[in-house]
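The next block holds one structure in the form of structure tokens; read it before the comments.
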Amino acid sequence: QAEDGIRDLVRSRGLGDVYKRQEEIPLLEKELPASTSLTIVRDASIFIQSSVNDTLSNIIMGVILTGLVLLFFLHDLRSTIIVATAMPFSIISTFLFLQLSSFSLNIMTLMGLSTAVGILVTNSVVVLENIFRHKEMGHTRTEAADKGTSEIAVAVIASTLTNIAVFLPIASMSSMVGQFFKQFALTVTYATVFSIIASFTITPMLASLILPERDTKKHPIGIRLEKMFHIWETKYLNWLKVILANKMRSFLVLMGALIFFVLSMGLLGPFIGFEFMPLLDEGDILIEVELPQGYNLDETADLLSEIEARVSRHEEVSHILTNIGYLNQLTQGANMAVANVKLVDVDKREFSSAEMANIFIKELSTMPNAKIRVSAVSAAGGAGEAPIQFSLLGQENDKLEYYKVQLIDSIKNIPGLLNLSTSSRPGKPEITLVPNRVKIANAGLTVYDLAMALRSSVEGVIAGKYREAGNEYDIRLK
């Protein structure tokens, strides 16, 4: 059901400000007339909050699963506790540098933390394994922790710097992509640095306190796992002996791997597809309507009402917000309109926003005498912008229009293209009247008198003001 209303836009810097604005809505409604209500038609904070919560849950799940994997391979609870302690230590310490860098907990920083979860325990595992080796050599747990850590320090630092060498250059990129991933790359770098500190401090300290002085009887599951790992190690060693038996065989294996990598990128890459940012399912669909020049607002509103009726029949549609008179800030006219369709939550519908957009395209393709473009939009994937755009630049409009028509004719029949559109619009129709100055002079009139007479008959003239209850209205005569 369509209702008249006034739209207002509220921007806030954080989710806390959004919640405060929402709490103020009931207070504002009390100050409005009885027949007036305030409704939130689009709230971007819902998607942001759900994304943050999902990322946080992934971090917690990653920490738990990492601990279980460590328990599976180390098959010792005390060793697992020692290594797993490096994760919260590194993550909590990373928050300090996030604050110093003026970063917030957003999608990029949280994604950086979730990416670094697996890296955080790598250094501690290497250090702990070397401590175990020294302990098996007869050293006490304190001596094993000291010698095992100092012996492997250079190798751990070198291996960790390879990760930092990957992420740190991303943070120093000056392009748009670099600015976008700066917080992500620096977060991973901070967490990786603290993982080195944890592996050289927390891990050996706990190993010297928690590990038993003498080897205790291993659990049956641990014994079975060690046998299985030993079988894998033996088979892997046999394969290495076969491959490294002579230089030619090693060279052929290396070249074969390189050729396979290049072929996989060249053959499988195009089938996977490439894009700048994936389209996120935020439940927003944009419908742009354009009628031929000369249509008025009433005719545009009638067509838009028919579009609303067809779209609203779907149970996946929550509400529709329509605007008549423009497509965007640069393209305006009485023959244009925009409908913003909001879908229900993703867990309450079967189709994604992109699939629903394709359904709307098929249903609205029968609308006569109108150009209708339907697209799913998201904050990350672009607000209704086409994924493929061409720009024609030049000084002569006639030539630009000529090349535009040629370009559209050459690509419009390509399979898979939808919503083909152009930003150029034909001029509005106009009627040019040339006055007969001889007849005007014979009638004792001027061109100004004729112009004012035509203006009053077409547009009307304001003849006075009507005042009532403190309001003032124009009296227009035609």
Side-chain angles (χ1 to χ4, degrees), residues 174-180 270 273-279 285-304 307 322-340 354 357-358 360-362 364-436 447 451 454-455 458-459:
S174 58
S175 62
M176 180 182 66
V177 178
Q179 296 300 316
F180 190 75
F274 297 92
E275 60 181 349
F276 178 67
M277 286 291 294
L279 180 65
I285 296 178
L286 180 67
I287 301 178
E288 297 178 331
V289 182
E290 184 175 358
L291 293 170
Q293 288 288 349
Y295 278 70
N296 56 34
L297 288 175
D298 293 334
E299 294 169 322
T300 305
D302 293 339
L303 179 64
L304 197 58
I307 293 176
T322 59
N323 295 276
I324 302 177
Y326 77 99
L327 293 179
N328 49 58
Q329 297 297 331
L330 299 178
T331 308
Q332 302 181 9
N335 60 322
M336 303 174 184
V338 174
N340 298 95
N358 293 331
F360 294 158
I361 289 174
K362 295 179 180 179
L364 300 178
S365 61
T366 58
M367 300 293 291
N369 203 26
K371 295 180 181 179
I372 301 177
R373 293 176 293 276
V374 185
S375 59
V377 298
S378 69
E385 296 183 356
I388 301 177
Q389 299 182 14
F390 297 93
S391 297
L392 294 177
L393 305 177
Q395 301 295 330
E396 300 181 16
N397 290 332
D398 294 338
K399 288 187 177 181
L400 287 176
E401 289 294 326
Y402 171 75
Y403 290 124
K404 180 200 74 174
V405 173
Q406 282 194 331
L407 178 61
I408 293 178
D409 291 340
S410 62
I411 66 175
K412 66 181 180 182
N413 295 323
I414 297 177
L417 286 184
L418 294 174
N419 299 329
L420 190 61
S421 177
T422 175
S423 61
S424 64
R425 298 291 185 276
K428 296 182 179 180
E430 62 180 14
I431 300 175
T432 303
L433 300 178
V434 181
N436 191 325
V447 176
L454 290 172
R455 178 179 179 181
V458 175
E459 182 182 353

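Just so it is clear, the structure is predicted and the values come from calculations on it, not from any experiment.
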Rounded distance [0.5 Å steps], [atom1] in [X] versus [atom2] in [Y]:
{"X": "Ile408", "Y": "Asn413", "atom1": "CD1", "atom2": "CG", "value": "12.0 Å"}
{"X": "Leu400", "Y": "Leu407", "atom1": "CG", "atom2": "CG", "value": "11.5 Å"}
{"X": "Phe360", "Y": "Ile287", "atom1": "CZ", "atom2": "CD1", "value": "6.0 Å"}

Practice prompt. Looking only at non-hydrogen atoms, find the nearest pair between Leu327 and Ala337 and report the distance.
Written response: CD2-O, 3.4 Å
Worksheet entry | Minimum-distance pair of heavy atoms, taken over all atoms of Ala357 and Val374 | O-CG1, 3.7 Å
Can you find a pair of side-chain heavy atoms, one from [X] and one from [Y], that are under 4.5 Å apart?
{"X": "Glu299", "Y": "Asn369", "value": "no"}
{"X": "Thr300", "Y": "Met336", "value": "no"}
{"X": "Leu286", "Y": "Asn340", "value": "yes"}

Item to complete: Could you please spell out the steps behind the side chain to side chain contact (heavy atoms under 4.5 Å, CB included) verdict for Leu364 and Ile307?
Response: CA-CA 7 Å; Leu364 300 178; Ile307 293 176; 4.0 Å; yes
Practice prompt. Decide yes or no on side chain to side chain contact (heavy atoms under 4.5 Å, CB included) for Leu303 and Tyr295, but give the supporting numbers first.
Written response: CA-CA 11 Å; Leu303 179 64; Tyr295 278 70; over 6 Å; no
Item to complete: Return yes when atom CG of Asp398 has more than 12 non-hydrogen atoms of other residues, nucleotides or ligands closer than 6.0 Å, and no otherwise.
Response: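 No - once you tally the heavy atoms of other residues, nucleotides and ligands closer than 6.0 Å, there are 12 at most.
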Worksheet item: Should Arg373 and Glu288 count as an ion pair when the cut-off is N to O under 4.0 Å?
Response: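 Yes, charged N to carboxylate O under 4.0 Å.
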Worksheet item: Applying the side-chain hydrogen bond (donor to acceptor under 3.5 Å, both in side chains) test to Tyr402, which of Lys399, Gln406, Lys404 qualifies?
Response: Gln406
